[in-house]
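Input: a single structure, listed below in structure tokens.
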Amino acid sequence: MNPSNDASSPAPTEPGRLARPANADTTGWTRWLPGLQTARRYELAWLPRDLAAGLVLTTMLVPVGIAYAVASGVPGIYGLYATIVPLLAYALFGPSRILVLGPDSSLAALILAVVLPLSGGDPARAIAVAGLMAVVSGVVCILAGVLRLGFITELLSKPIRYGYMNGIAFVVIVNQLPKLFGISIDSTGPLRDLWQIGGSVLGGATNWSTFAIGAGALAVILLLKPWPRIPGLLIAVVGATLAVGLFDLGASAGVKVLGELPEGLPGFALPWIGLADLGTVVIGGCAVALVSFADTSVLSRSYAAKTRSYVDPNQEMVGLGAANLAAGIFQGFPISSSSSRTPVAEAAGARTQLTGVVGAVAVALLLVLAPDLLRNLPTSALAAVVIASAIGLFEFADLSRIFRIQRWEFWLSIGCFAGVAALGAIPGIGLAIIVAVIEFLWDAWRPHFAVLGRVNGLRGYHDIKRYPEARRVPGLVLFRWDAPLFFANAELFEERVLQAVMDSPTPVKRIIVAAEPVTSIDVSSADVLAELERKLREAQIELHFAEMKDPVKDKLKRFELLEHFGPDVFHPTVGAAVDDYLADHAVNWKP
């Protein structure tokens, strides 16, 4: 079925446009509650599909929630708690109709990196640390959404995102290998852990029954992955659980199992760990917020494009924040969108957020009515679930394309991967952010610039380096600066302008800055601009501007430079600026 033709997908008002849902309130207080707006216009015809999709989704929510909880360093039951309440919260606050949220493999390494050293093996403290991380992440996301900062994740370039996600996938797999082989190690970092694992396996410490169960489950999941309609994950988990139960492998072969789950639903509990470790938790929560929203925004936009609908990125951040906040105060841990469970919901026919509500209620009923159903679930099978998901996080195909077309960005990505692999998830994310800032500043610090001339047969004025035959106007320098002006590049701008004047083949009477690419200016660069005008004036050279944007002029006025320069130095186009120069100085030159 084509999603764009489905009854639940708002049809665009005209071809080539994206439409908000009909009757959506974008101004009142209900704009913060997209789920309430959906409920008001819910059609009964959607109900059978939402119910069926919710039940199908439940078959994944349970094993995945437990697996990611264990991978995050908290008891498995809390993975179900982190599934129930966030799904309900997102159904109310989330703008996407079919996005599924819950525990996720991309966050497991980040959570474990904070939980493991701070919990000291105490499960109660582990869930307190993880819960507080969820609260921090939720508050950060909500504030960012309310302040309309949904663009911040776009500051991480694609190669950098690939690098840290590949690194996180590597860390997750390394963390799960001991469970897969049935061995124990003291975690000291991903690379050192890998060395310890290799030594233990070669030293004969492997529990081969545990490994056979886990490797078999992993093989089933990966082999059936190309056929999404076949529930490979469910088959693997049920098969492993039945094998352990039927052959009593827990007692006879030492295969570790999940054990009995506590009966009942999550309760309200404010997580707290004291002030000593609060800084570490806040840093971890902020890292979780960054990664979870980066993933959620990409997935949300993808499904919005498929249905030709609109999803507000700031509301998406609020929805994600509300879900994380709810997880944190109801005994859960940080969550994100799921690129594996969302397609299941869509394929099963999900129409609205009710699918997630049905899934949450079904998981809750499982905890109340059949808490012992998964007691024989082997931890190696849970490790297989996490490893299979982590494998899906790796990105190689597009990296090979980047290597082919922009090699330095490829090595930038590899550097971010190495940082996460060597330092761990949290320091690696910090390194990725630092690299992103450096990359941004470097591009803006050393931008492209050009001296322009007229090329026969081409309209406009063009870079004389690319067109050496270009004709230059006698006594005039046309200079273009292809970046905003700010403190880091202002001195370079002045240097390049003065150099262009000195390199002119004729004595310069006027320099015209083609300012159309200059989108902003700050106080430091404004002062440099004033100093440049003084130097040029002392040399009897006029400084003029062409195509300067009105917002930049507004800033010049605020910086008290507009009156200083005077209105005659600003021209609407480069062509008009050249014509005015020719008239002012009686220069006989034909464009």
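What you see below is based on every heavy atom in this structure, not just the backbone, and it leaves out hydrogens, waters and symmetry mates.
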Donor-acceptor contact present, side-chain [X] to main-chain [Y], <3.5 Å:
X: Ser119; Y: Ala126; answer: no
X: Gln315; Y: Met317; answer: no
X: Thr58; Y: Gly54; answer: yes

Would you say [Y] and [X] are linked by a side-chain donor-acceptor pair, where the criterion is simply a distance under 3.5 Å?
X: Ser524; Y: Asp522; result: no
X: Ser337; Y: Asp295; result: no
X: Thr280; Y: Asp277; result: no
X: Ser389; Y: Tyr68; result: yes
X: Glu316; Y: Tyr90; result: yes

Original post:
With sequence neighbours left out, what residues match Arg446 under salt bridge (Lys or Arg N to Asp or Glu O under 4.0 Å)?
Top reply: none

**OP:** Can you see which heavy atom on Ala169 is nearest to which on Leu393, and at what distance?
**Re:** CB-CB, 3.8 Å

Original post:
Which pairs, with at least one residue in residues 107-140 and sequence neighbours excluded, count as a ring pair (Phe, Tyr, Trp, His ring centres under 6.0 Å)?
Top reply: none

**OP:** Establish, yes or no, whether a centroid distance under 6.0 Å links the rings of Tyr164 and Phe417.
**Re:** no

Original post:
Any cation-pi pair here, Arg407 with Phe410, using under 6.0 Å and within 45°?
Top reply: no

Original post:
For the residue pair Trp481 and Phe493, does the interplanar ring angle fall in the parallel (under 30°), tilted (30 to 60°) or perpendicular (over 60°) class?
Top reply: perpendicular

Original post:
Using the ring of each side chain (for Trp, its six-membered ring), is Phe394 parallel, tilted or perpendicular to Phe396, with breaks at 30° and 60°?
Top reply: parallel

Original post:
With side chains defined as the heavy atoms from C-beta onward, is the minimum distance between Phe293 and Leu290 less than 4.5 Å?
Top reply: no

Original post:
Rounded to the nearest 0.5 Å, how far apart are CG of Asn324 and OG of Ser137?
Top reply: 4.0 Å

**OP:** Considering only NZ, NE, NH1 and NH2 on the basic side and carboxylate oxygens on the acidic side, decide whether Arg341 and Asp104 come within less than 4.0 Å.
**Re:** yes

